[in-house]
Amino acid sequence: MRKLTEYVSEGFIWSIGITRPKPGHERTAALFITATLIACVLVAGGIFLFLLNHL
């Protein structure tokens with residue numbers, strides 16, 4: 001799981017161009033970025049399902 005969050009974090013840093021976390025804070029940043037991306041996908045999916053059922 002740790003490698004997955006590191007890959008997601010690194011990909012996000014390279015693709016979006018955010019500033020790298022300070023040394024020693026990489027793991028916290030990776031978990032935050034991964035959790036934020038998962039939350040965004042879940043919210044988008046929830047909105048999609050909500051609209052699908054109400055239209």
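What you see is a predicted model; the values in this text were computed from it and never measured.
- When hydrophobic clusters are built by joining Ile, Leu, Val, Met, Phe, Trp and Tyr residues whose side-chain heavy atoms come closer than 4.5 Å, directly or via intermediates, Leu37 is grouped together with Ile18.
- A chain of hydrophobic side-chain contacts below 4.5 Å, direct or via other Ile, Leu, Val, Met, Phe, Trp or Tyr residues, connects Phe50 to Leu55.
- Closest of all the heavy-atom pairs between Thr5 and Ala30 is O-CB, 3.6 Å.
- Taking CD1 of Ile38 as the start and CD1 of Ile33 as the end, the distance is 12.0 Å to the nearest 0.5 Å.
- For the atom pair CD1 (Ile13) and CD (Glu26), the distance works out to 8.5 Å, reported to the nearest 0.5 Å.
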Are Phe32 and Thr36 close enough, and set up right, to give a side chain to side chain contact (heavy atoms under 4.5 Å, CB included), and what steps lead you there? CA-CA 6 Å; Phe32 178 77; Thr36 302; 3.7 Å; yes
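- Judged by distance alone, the side chain of His25 and the main-chain N or O of Pro21 form no donor-acceptor pair under 3.5 Å.
- Ile47 places a side-chain heavy atom less than 4.5 Å from the side chain of Leu51.
- Using a 4.5 Å cut-off on side-chain heavy atoms (C-beta onward), Phe48 and Leu52 make contact.
- The shortest distance between side-chain heavy atoms of Thr34 and Leu4 does not fall below 4.5 Å.
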Worked check of salt bridge (charged side-chain N to carboxylate O under 4.0 Å, His left out) between Glu10 and Arg20: CA-CA 9 Å; Glu10 195 65 29; Arg20 289 197 169 282; 2.5 Å; yes
